[in-house]
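Numbers restart at 1 for each chain; the letters A, B, ... are given by sequence-line order, proteins then strands.
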2 protein chains.
Amino acid sequence: MGRKEKDQQQIEDVRLRILEAAKKLFLKEGYEATSIRKIAAEIKLSPTTIYLYYKDKSDIAYTLHKEGFKVLGEQFMVLQHVESGFERLKAMGRIYINFAIQNTDFYQLMFIMKEPMEFISDKDCCEWEEGEFAFGALQQTVLDCKAEGYFNGLNENNVALNIWALVHGLCSLKLQGHLDHVASAHLHVPEDRNILEEAFETLVLMLDKMK
Amino acid sequence: MGRKEKDQQQIEDVRLRILEAAKKLFLKEGYEATSIRKIAAEIKLSPTTIYLYYKDKSDIAYTLHKEGFKVLGEQFMVLQHVESGFERLKAMGRIYINFAIQNTDFYQLMFIMKEPMEFISDKDCCEWEEGEFAFGALQQTVLDCKAEGYFNGLNENNVALNIWALVHGLCSLKLQGHLDHVASAHLHVPEDRNILEEAFETLVLMLDKMK
DNA sequence: AAATATAATTAACACCGTTAATTAAAAAAA
DNA sequence: TTTTTTTAATTAACGGTGTTAATTATATTT
């Protein structure tokens with residue numbers, strides 16, 4: 001019965017080819033513009049065949065969303081070698097921001113769009129979530145910062161949540177165009193100066209004040 | 001030639017009826033599910049007639065987006081009577097969060113979706129932006145906080161930006177379902193306890209540390 | 001009353017996600 | 001090996017979408 005395993009492998013192969021095609025189109029033209037029909041055409045399949053491998057479009061979105069979390073998690077790996085909690089926190093923020101800027105489409109899928117999250121809540125079982133690893137790392141780092149004298153008297157989970165929200169907020173406003181809009185309208189910021197980085201530098205100073 | 005003015009009035013009337021129908025449907029079923037055809041049916045017009053009054057769908061989104069900023073701006077009005085800068089900052093955050101939670105669809109249109117902002121950047125002229133009033137109020141409040149001894153040595157514009165990003169980040173993560181997901185997965189938070197409010201309370205404590 | 005300008009309509013294009021019915025291919029049973 | 005059964009992939013179709021071009025109805029002006 002070695003046949004069945006090989007079939008399973010072939011099925012997994014098609015699943016992957018669909019996903020690769022979806023990713024390619026998605027990174028090139030964005031999620032909305034990537035239709036099931038285009039994905040199918042890309043790998044010379046009939047559109048309806050896609051539905052034999054994925055429940056619907058948001059299922060594909062969710063699978064890509066998971067992949068994004070895996071990539072972010074890998075980039076977080078280097079943080080394990082940073083001893084100081086506060087230094088790790090800063091590095092974490094920088095990695096997160098870089099990831100968001102360099103993988104804008106993945107970031108949209110992971111944190112801004114609602115489709116993948118809706119797919120999650122539609123699922124009966126709450127399986128292992130890759131995003132949880134990243135947040136767990138942040139939690140631990142905030143805890144280490146507390147040991148170094150930061151965030152005294154503050155609930156560490158809420159601090160972690162706030163820091164995530166802040167960095168996500170910066171990225172999200174940047175990706176949606178609000179940051180540049182406000183910068184050119186309210187702040188007379190030179191075009192060449194990166195407003196996101198400047199804000200992050202101030203954030204570091206702010207956190208430093210919480211020792 | 002008082003005729004022409006009356007015509008102008010009638011044109012403005014239809015424009016408004018379209019917008020009201022769009023808003024009603026949008027608040028009930030969300031932006032994506034609100035089609036031009038449904039808007040037209042709502043006020044017994046042909047779908048194509050809409051295009052005589054609005055350039056395209058994102059034009060309608062942008063007009064609604066502007067209205068959202070007007071409502072938020074009105075809710076900010078009460079802040080003028082708060083003398084203390086820091087108290088005003090706290091109240092501002094609470095108003096912003098309440099607005100986001102109670103007008104989730106408007107909030108999506110104003111800060112999360114990309115269509116309205118794309119419409120802005122497609123426009124040749126950069127006319128008065130209602131959102132600027134709200135951010136201006138925040139800028140002034142941060143300045144007042146500085147006068148009260150907060151945020152010493154920090155660039156006030158960047159501080160304002162970071163605070164906005166933080167509160168927006170919380171709201172955005174909440175609306176997208178990430179906040180509740182993390183809360184139930186990582187933080188063992190009782191269902192009845194409002195995680196957003198709890199995070200905000202910690203934020204206030206954090207800001208208080210920056211005196 | 002006829003000619004012109006404008007407002008609204010119908011018809012049409014090129015898509016979309018998704019489901020049901022059908023055909024082609026492979027595996028199992030005879 | 002041939003027939004039956006299972007499974008994989010396809011075509012056809014439904015009911016939508018935003019948007020444009022061509023056309024008709026309605027006022028306004030000559």
Side-chain angles (χ1 to χ4, degrees), chain A residues 1-19 21-23 25-26 28-65 109 113-116 118-119 122, chain B residues 1-19 21-23 25-26 28-65 109 113-116 118-119 122:
Chain A
M1 297 258 185
R3 180 102 282 173
K4 248 185 185 161
E5 286 165 29
K6 202 179 172 188
D7 286 2
Q8 204 63 31
Q9 175 64 36
Q10 244 163 351
I11 285 177
E12 217 45 54
D13 252 36
V14 179
R15 249 188 90 90
L16 204 92
R17 278 177 57 221
I18 293 172
L19 200 70
K23 196 206 300 182
L25 287 172
F26 168 68
K28 204 203 296 174
E29 318 188 21
Y31 176 76
E32 291 295 342
T34 301
S35 69
I36 297 279
R37 282 168 163 90
K38 281 183 195 166
I39 296 170
E42 183 77 23
I43 50 178
K44 284 142 177 58
L45 274 183
S46 165
T48 50
T49 305
I50 307 275
Y51 288 88
L52 301 174
Y53 295 88
Y54 292 92
K55 190 177 163 289
D56 54 24
K57 201 184 171 186
S58 77
D59 190 0
I60 300 176
Y62 171 65
T63 312
L64 249 23
H65 152 115
L109 221 40
M113 286 175 38
K114 56 188 184 312
E115 280 91 345
E118 276 170 0
F119 185 82
D122 282 1
Chain B
M1 297 258 187
R3 180 102 279 172
K4 244 181 187 166
E5 286 166 27
K6 201 178 173 186
D7 287 2
Q8 204 64 32
Q9 176 63 37
Q10 244 162 352
I11 285 177
E12 217 46 52
D13 253 34
V14 179
R15 250 188 89 90
L16 204 92
R17 278 177 57 221
I18 293 172
L19 200 70
K23 197 207 300 183
L25 288 173
F26 168 69
K28 204 203 296 174
E29 319 188 19
Y31 176 75
E32 292 294 343
T34 301
S35 70
I36 297 280
R37 282 167 164 90
K38 282 182 194 166
I39 296 170
E42 182 77 24
I43 50 179
K44 283 141 177 57
L45 273 183
S46 166
T48 49
T49 305
I50 308 275
Y51 288 88
L52 301 174
Y53 295 87
Y54 292 93
K55 189 177 163 291
D56 53 25
K57 202 185 171 185
S58 76
D59 189 1
I60 300 177
Y62 171 65
T63 313
L64 248 23
H65 152 116
L109 220 40
M113 286 175 38
K114 55 188 186 312
E115 279 92 344
E118 276 170 1
F119 185 83
D122 281 0

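- One can place CD1 of A:Ile11 at 10 Å from P of D:dT7, the figure rounded to the nearest angstrom.
- Pairs passing the side-chain hydrogen bond (donor to acceptor under 3.5 Å, both in side chains) check and including a residue from residues 37-50 of chain A, sequence neighbours excluded, read A:Lys24-A:Glu42, A:Ser46-A:Thr48.
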Counting primed atoms, P, OP1 and OP2 as sugar-phosphate and everything else as base, the B/S/- map of nucleotides 12-26 of chain D against protein heavy atoms under 4.0 Å is BB---BBBBB-----
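- Atom pair A:Glu115:CD and C:dC16:C1' shows a separation of 14 Å (rounding to whole Å applied).
- Spacing between atom CG of A:Leu45 and atom C1' of C:dA24 amounts to 15 Å, rounded to whole angstrom units.
- Going from atom CG of A:Leu52 over to atom P of C:dT18 covers 14 Å, rounded to whole Å.
- Nearest heavy-atom pair, B:Ala22 versus B:Ile60, reported as atom, atom and distance to 0.1 Å: CB-CG2, 3.7 Å.
- For A:Ser58 against A:Phe119, the heavy-atom pair with the smallest separation is OG-CD1, 3.4 Å.
- For the pair A:Lys57 and A:Tyr31, the cation-pi test (distance below 6.0 Å, angle within 45°) is passed.
- Put simply, A:Thr49 has a side-chain N or O that comes within less than 4.0 Å of OP1 or OP2 on D:dT10.
- Across all their heavy atoms, B:Ile43 and B:Ala21 have their closest contact at CG2-CB, 3.8 Å.
- Here the options are A:Met113, A:Lys114, A:Glu118, the test is side chain to side chain contact (heavy atoms under 4.5 Å, CB included), and the partner is A:Pro116; only A:Met113 passes.
- Whole-Å rounding puts the B:Ile39 CD1 to C:dA8 P distance at 16 Å.
- End-to-end axis angle of the helix from C:dA1-D:dT30 to C:dA30-D:dT1, from C1' rotation axes over five pairs per end: 30° (rounded to 10 degrees).
- Checked against side-chain hydrogen bond (donor to acceptor under 3.5 Å, both in side chains), A:Lys23 has the following partners two or more places apart in sequence or in another chain: A:Glu67.
- Whole-Å rounding puts the B:Arg15 CZ to C:dA7 P distance at 14 Å.
- Partners of A:Thr63 under the side-chain contact (heavy atoms from CB on, under 4.5 Å) rule, at least two apart in sequence or in another chain, are A:Arg15, A:Leu19, A:Tyr54, A:Asp59.
- A close approach under 4.0 Å does occur between a side-chain nitrogen or oxygen of B:Tyr53 and OP1 or OP2 of C:dA8.
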Before you tell me yes or no, could you show the steps for A:Tyr53 and A:Ile11 under side chain to side chain contact (heavy atoms under 4.5 Å, CB included), namely the whole-Å CA-CA distance, both residues' side-chain angles and the distance that decides it to 0.1 Å? CA-CA 8 Å; A:Tyr53 295 88; A:Ile11 285 177; 4.0 Å; yes
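- For the pair B:Lys44 NZ and C:dT9 P, the interatomic distance rounds to 12 Å; values are reported in whole Å.
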